[in-house]
Amino acid sequence: MSANTRVTTSDGVVQGKPVGDLLTWRGIPYAAPPVGPLRLRAPAPVEPWQGVRDATEWGNASVQHKKGTMLSPGKYQPSSEDCLTLNVLAPSRPSSTPRPVMVFIHGGAYTLGTSATPLYGGGSLVRRSLEDSEGIVYVSLNYRLGVLGYLDLSQFSTEARQFDANLGLRDQVAALEWVQRNIAQFGGDPENVTIFGESAGGNAVTTLLATPAARSLFHRGIAESSAPGLVATKERATEWAREFVGFLGNGDNAAQALDSADVTSLGRAGTKLAFTVLNRTPGLHPFGPVIDGDFLPENPLDACHAGSAHQVPLIIGTNSREGTLFPKILDALPTNPERIDKMFSLTDPDARDRVVEAYPGYPGEAAAIDVGGDFTFWKPSLELAEAHSRLAPTFSYRFDFAPRVMKWLGLHATHGFELFAVFGINETAFGKLMTVPGGRAAFAHVTEQVQSNWLHFARTGTPMDHWPTYDEATRSTMIFDARTRVQRDPRRDRRQAWEGYRGYASQKTEPSAT
């Protein structure tokens, strides 16, 4: 591909722009705007356009906040139901062969986030990829969130008005289909696509492993802090949807209410549902993929055990202290003794003492936070790594690095902090400011290690040579820290304490439901 920023896609011509030594195209539609009669429906094809479409500005964020989504203090990106767009970033210099493609799915509990977040720019990753190869093509996308993307309202369909389930997941598949049709025009290889994401984006990766429609659309996956267990049963999702419609009002004609409600009303009712579910069943979240028996036939963990998950190489892991962020920023996990006790009482009371004894200092604050973080992220990621390792090469990691300032803040290697290494934040003014009290060289080291392994994996299907595969015999895990190393079965006592505990997965409906 030349340095030309005008590219012909299957839907029409787009005009991008150079950004330093890279080329970018932003806000390219991969599906029709899901508005009007397409609200709460599966993504529809883009209507082709004539002429040249400007692709130099970000598309709208998914609906999530009355101001849009915050990009930086005081700066918001507009949000809209018209949000199904993606972005492409590629080297400006030509390549003799098609480049590997890395598709990033942002996180945010399936209720927040946008691909326009500066952290997700991708420039550092693309530039590093040019140091020892001909580079990668980086793709990021927006998808429907919250009520409009991750609440199964299909039970309220009528003959005149249909509603579909798993809309955000369907959006992600539609974006990957766009990549297959078009990425070669941007210099990418549609036969070498790696999907990667963090938090809800990591959950998207592990869920796409079990999504039949996604088969052959990607060839490797990287799941960062996935929380793979946060996939709802159809029965539980049905109850949540009924509660939501009750909060929204006009329950006698739900289809009309869902059609006519403005996004503020939908958001207000969704927030009330989220708090209700959290207070009633700590550890559950009402927005996420649903096992609908159709688009998502089974739980991703069950699909791995059954051998029906896509047999692609996988990197999966979590951070050392996932839970510390949540009491400070988004208090939505079972990270205090009251919630933890209630969680066990509703799921498996006999497991409580065994589990908390593996956390010295419990019920102290730090230990309780680690219980909640491990329950949500580490335990289910480990279970999925075990099951997937029987199907395809699987590589486990734990991200331990935290500069001194993160420790002073009581965060340590918290949820999402590995993204600072993935996207090379140490090179920015903010990254340098973070390490004024110390840790600059270590930050550079861990960034180089993470980026090199992610890129090598995207090119070849394996990380660097010193990272062994994960299996139940050795449980070899890469520890990313100031001294990166491989460790066998890290935190073995905790892992054994959690064994046999299935949490809410053992129940189809909420314990309090009637």
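All of these numbers come straight from a predicted model, not from anything done at the bench.
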Of all residues at least two apart in sequence or in a different chain, which pass the side-chain contact (heavy atoms from CB on, under 4.5 Å) check with [X]?
| X | value |
| --- | --- |
| N299 | V231, I291, L301, D302 |
| L333 | F326, T335, T376, F377 |
| A175 | Y30, L86, L141 |
| P212 | P297 |

Side chain proximity check, [X] to [Y], heavy atoms < 4.5 angstrom:
| X | Y | result |
| --- | --- | --- |
| R93 | E134 | no |
| W25 | T56 | no |
| R502 | D348 | no |
| L419 | L119 | yes |
| F395 | I316 | no |
| Y120 | Y138 | yes |
| F417 | M406 | yes |
| F196 | V103 | no |

Can you check whether [Y]'s main-chain N or O pairs, donor with acceptor, with [X]'s side chain at less than 3.5 Å?
| X | Y | answer |
| --- | --- | --- |
| Q180 | P190 | yes |
| T324 | R321 | yes |
| N426 | G431 | no |
| T460 | A458 | no |
| Q172 | A214 | no |
| N142 | N60 | yes |

Pairs involving residues 198-209, ordered by first then second residue, that meet side chain to side chain donor-acceptor pair (under 3.5 Å) (sequence neighbours left out):
Y110-N203, E198-H415, S199-H415, N203-T207, T206-S226

Ion pair [X]/[Y], N-O distance below 4.0 Å:
| X | Y | result |
| --- | --- | --- |
| D331 | R339 | yes |
| R495 | D493 | no |
| D374 | K379 | no |
| R390 | E472 | yes |
| E427 | K432 | no |

Other residues, nucleotides, ligands: >12 heavy atoms within 6.0 Å of R492 CZ:
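Result for CZ/R492: open.
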
Residues T414, E322; criterion side chain to side chain donor-acceptor pair (under 3.5 Å); working and verdict:
CA-CA 5 Å; T414 192; E322 289 279 356; over 6 Å; no

With sequence neighbours left out, write down each residue that passes ring pair (Phe, Tyr, Trp, His ring centres under 6.0 Å) with [X], or none if nothing qualifies.
| X | answer |
| --- | --- |
| W58 | none |
| F457 | none |
| H219 | none |
| W178 | F186 |

Indicate whether any N or O donor in one side chain lies under 3.5 Å from an N or O acceptor in the other, for [X] and [Y].
| X | Y | result |
| --- | --- | --- |
| N87 | S115 | yes |
| Q449 | W454 | no |
| S124 | Q451 | yes |
| T111 | Y150 | no |
| H106 | S140 | no |

For [X], enumerate each residue passing the side-chain hydrogen bond (donor to acceptor under 3.5 Å, both in side chains) test, keeping only those at least two apart in sequence or located in another chain.
| X | result |
| --- | --- |
| S389 | none |
| S308 | E298 |
| T211 | none |

R170 NZ/CZ over F295 ring centroid, <6.0 Å and within 45° of normal
yes

Criterion side-chain hydrogen bond (donor to acceptor under 3.5 Å, both in side chains) against N192, the qualifying member of R459, R99, R220
R220

OG on S381 to CZ on R398, rounded to 0.5 Å
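Nearest 0.5 Å value for the CZ-OG distance: 13.0 Å.
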
